[in-house]
Amino acid sequence: MFENTLAFAQQQDQKDSLNLYREKFLIPTNNKGEEMIYLCGNSLGLQPKKTSEYLDQELKDWAKLGVEGHTDAKHPWLPYHEFLTNSMAKIVGAKPSEVVIMNSLTANLHFMMVSFYQPTKTKYKVIIESDAFPSDKYAVESQIKFHGFNPENGLILWKPRDGEELCRIEDLEKILEKQGDEIALIMIGNTNYYSGQSFPLKKITQLGHQYNCIVGFDLAHGVGNIQPNLHDTGADFAVWCTYKYLNSGPGSLGGCFVHERHSQNSDLNRFTGWWGHNKQTRFNMRHEFDVLSGAEGWQLSNPSILSMAAIRASLDVFEEAGFDRIIEKSKRLTGYLEFLIEELHDKRINIITPKNPAERGCQLSIQVKSANKTLHTQLTQADVISDWREPDVIRVAPAPLYNSFEDVFIFVERLKKVLN
Ligand SMILES: Cc1ncc(COP(=O)(O)O)c(C=O)c1O
């Protein structure tokens, strides 16, 4: 199906219907102005060329209109987040009313836990995957403490078995069988930042709900990378960032999903602010808080228009390209990367990411036994931007919107050179 030649890679690029999209991005260059092999969209996605135009429009409207831009800008600032909702909802497989762009990722995770982690004396534990991203773990631990419990017994880690790298769903089932009555929340990072493993969201949600647990997901590494079909999974909430596969710039605003069955639930705790208040009366100022229905009701502050303009530019690229086509290319591109790495026949290399395309996105986590960070430094010197995780893993993520089969081929050639 694949061939280990540059000619084959170039042929694949010619056949690729998304090939033209690379042109729509700014690819980082070396000192000589040559394009680098950028495989780090799992950390920070590249800048669409459109972005500066979208930002510029807001800067111009701000210069020309000042405060009037809230209502009179070409894209008025008051409802600006609404311009993002439909595209964002499609990408996460949700209804528009279930999705909102606001705050940043860890902040959103806290706000979701304020509403959805309501522990009792007997049912207070939280499950996360053992190699959860540190910020998720810190957020969960601090919520457990905030409610007066001890993370030492309140936090349960869903771990891979000894000698394995990936978490098995049967082991999550066993944890729930034993301790389900004590577990209030399951909060899983999907796709896992380290291993690249994508977990079965619907299955986890159904399992959790069977034991009356709330189920939430952190889609930092999933959004724009896999189709999580959030509504259909039945998950209670999800949070994500927009600076990785959603290419919206460093520190750009995050996103949040609240399943529609919670949209009118006034029993939930909620930290509130004026942006979650009824839009019709928000500026009358002296009304009692009147919460918006749906995910919008969780907003607190008026959001950064510049950040949202960058998100709009990026989502427009996704709309144009079509997410189904993006996913289809992603599977083939990552499959090609996997094939070429296997072709190295290097016994030091172990790809820890699942082999099954349904259990991963575009990232492959390549363990290089007995390697250290020098390997990564050498790759950087060879104009490859990848990312290193201690103790011995290089993470590479060919992003289907701007990476080519040729990028993947050249990367593996350079990796081979560095390994030798
Ligand atoms: C899985 C995951 N959770 C949380 C974070 C922290 O994100 P932020 O700094 O935007 O809150 C990241 C950042 O990369 C992440 O990958």
Side chains of R312 and Y80 only: does a donor on one sit below 3.5 Å from an acceptor on the other? yes
In terms of side-chain geometry, is the basic nitrogen of K174 or E170 positioned less than 4.0 Å from the acidic oxygen of its partner? no
Determine yes or no for a side-chain-to-main-chain donor-acceptor pair under 3.5 angstrom, with N225 supplying the side chain and H221 the backbone. yes
In terms of side-chain heavy atoms, does H75 have a donor or acceptor partner in E58 at a distance below 3.5 Å? no
Between the side chains of S252 and S307, does any donor sit under 3.5 Å from an acceptor? yes
Between E338 and R360 (salt bridge meaning N to carboxylate O under 4.0 Å), is one present in this structure? yes
Are F257 and H231, when compared by the centres of their aromatic rings, separated by less than 6.0 Å? no
With D16 as reference, evaluate R332, Q11, K329 under the side-chain hydrogen bond (donor to acceptor under 3.5 Å, both in side chains) test and give the passing residue. K329
For atom CD of E23, decide whether the heavy atoms of other residues, nucleotides or ligands shown that lie under 6.0 angstrom number more than 12. no
Could you check whether Y402 and D407, counting side-chain N and O atoms only, form a donor-acceptor pair closer than 3.5 Å? no
Heavy-atom closest pair, residues Y124 and G154: CE1-CA, 4.0 Å
Does the side chain of Q14 come under 3.5 Å of the side chain of N19 through a donor N or O and an acceptor N or O? no
Could you tell me how the ring of F323 sits relative to the ring of F318: parallel (under 30°), tilted (30 to 60°) or perpendicular (over 60°)? tilted
Tell me whether the centres of the aromatic rings in F237 and W298 are closer together than 6.0 Å. no
Could you point out which residue of F409, F339, F405 forms a ring-ring contact (aromatic ring centres under 6.0 Å, His included) with F2? F339
Under 3.5 Å, is there a donor-acceptor pair linking the side chains of Q378 and T380? no
Is the closest side-chain donor-acceptor distance between E319 and S87 under 3.5 Å? yes
